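In what follows, a structure is listed as structure tokens, so that the remarks can point back to it.
Start at 1 with the first residue, then count along the sequence. If you're wondering where the values come from, they're calculated on a predicted model, not measured in any experiment.
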Amino acid sequence: MKITLNRINDDFLFECTNSQGNSILLDNTSQPGAKGVSPMESVLMAVAGCSGIDVVSILKKQRQEITGFQAEVEGERIPVDDAKPFKSIMVKFLLQGNIDPKKALKAAQLSFEKYCSVSKTLEPNVEIGYEVFVNGDKV
């Protein structure tokens, strides 16, 4: 796996491109007019995307009918020397459809305990939690 990062303006805007030509923009969001996401926001997006792929994949294999899927991710950061790494991350899955709530909860559990490479990468240093809601009800 390889990405390429190119600076595309005179400040902090970078384009990150993977080997298939897909890209995202990273920027210093503390500056006015930022046109990309911060690198730390991209970490939260990666957790949401990785676990989201897992949950949808597991539920589809179980023939659950997903009509809506959303994840909200919040990270708490702490100062460590001059950096501010994540101390904890909380993921909230909001699912809609004809979905067995127990299967949805199990899918999230499997993602974080077994499959999600992003959360597994962060896990030694970051506490990761999750909540699952199906059709507005917390499971």
Inter- and intrachain pairs under ring-ring contact (aromatic ring centres under 6.0 Å, His included), touching [range], at least two apart:
range           : value
residues 6-62   : none
residues 71-111 : Phe69-Phe93
residues 20-64  : none

Side chain to side chain contact (heavy atoms under 4.5 Å, CB included) with [X]: which residues, sequence neighbours excluded?
X      : value
Ser57  : Lys61
Asn9   : Asp11, Leu13
Thr121 : none
Lys92  : Glu72, Leu94, Glu131, Phe133

Review item, side-chain donor-acceptor pairs of residues 16-27, under 3.5 Å, at least two apart:
residue, atom, partner, partner atom, Å
Asn18, OD1, Gln20, N, 3.0
Asn18, OD1, Gly21, N, 3.1
Asn18, OD1, Asn22, N, 2.9
Ser23, OG, Glu15, OE2, 3.0
Asp27, OD2, Lys35, N, 2.8

Would you give me the side-chain donor-acceptor pairs under 3.5 Å for residues 74-83, sequence neighbours excluded?
residue, atom, partner, partner atom, Å
Glu76, OE1, Ser88, OG, 3.3
Arg77, NE, Lys84, O, 2.6
Arg77, NH2, Lys84, O, 3.0

Query raised in the report: Who passes ring-ring contact (aromatic ring centres under 6.0 Å, His included) against Tyr115, sequence neighbours left out?
Result: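 If we apply the ring-ring contact (aromatic ring centres under 6.0 Å, His included) test to Tyr115, skipping adjacent residues, there are no hits.
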
**Report entry** Partner residues of Ser117 under the side chain to side chain donor-acceptor pair (under 3.5 Å) criterion, sequence neighbours left out
**Finding:**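 By the side chain to side chain donor-acceptor pair (under 3.5 Å) rule, Ser117 matches no residue at all.
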
Query - Nearest non-hydrogen partners of Pro124 and Lys120, listed with the distance - result: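 Closest heavy-atom pair between Pro124 and Lys120: CD-O, 3.5 Å.
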
**Report entry** Shortest non-hydrogen contact between Ser51 and Cys116, atoms and distance
**Finding:**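 Taking Ser51 first and Cys116 second, the nearest heavy atoms are N-SG, 3.8 Å.
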
Enumerate, atom names and distances included, each donor-acceptor pair closer than 3.5 Å involving a side-chain atom of residues 99-108, sequence neighbours excluded.
residue, atom, partner, partner atom, Å
Asp100, OD1, Lys102, N, 2.8

Requested in this report: Flag yes if Ile53 and Val47 sit in one hydrophobic cluster, no otherwise; membership is Ile, Leu, Val, Met, Phe, Trp, Tyr, and two members link when side-chain heavy atoms are under 4.5 Å apart.
Outcome: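 Hydrophobic grouping puts Ile53 apart from Val47.
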
Query - Co-membership, hydrophobic cluster, residues Ile58 and Val134, 4.5 Å side-chain - result: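 No, separate clusters.
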
**Report entry** Asp54 and Leu110: CA distance, side-chain angles, deciding distance, side-chain contact (heavy atoms from CB on, under 4.5 Å) verdict
**Finding:** CA-CA 8 Å; Asp54 291 340; Leu110 284 169; over 6 Å; no

Query raised in the report: Is there a side-chain contact (heavy atoms from CB on, under 4.5 Å) between Glu41 and Thr29 once you walk through the steps?
Result: CA-CA 10 Å; Glu41 289 169 334; Thr29 58; 3.8 Å; yes

Requested in this report: Assess whether side-chain contact (heavy atoms from CB on, under 4.5 Å) is satisfied between Met45 and Val37, documenting all intermediate values.
Outcome: CA-CA 10 Å; Met45 291 176 177; Val37 299; 3.3 Å; yes

Determine whether [X] and [Y] make a side-chain contact, defined as any pair of heavy atoms from C-beta on separated by less than 4.5 Å.
X      : Y      : result
Val73  : Met90  : no
Gln109 : Tyr130 : yes
Leu95  : Asn135 : no

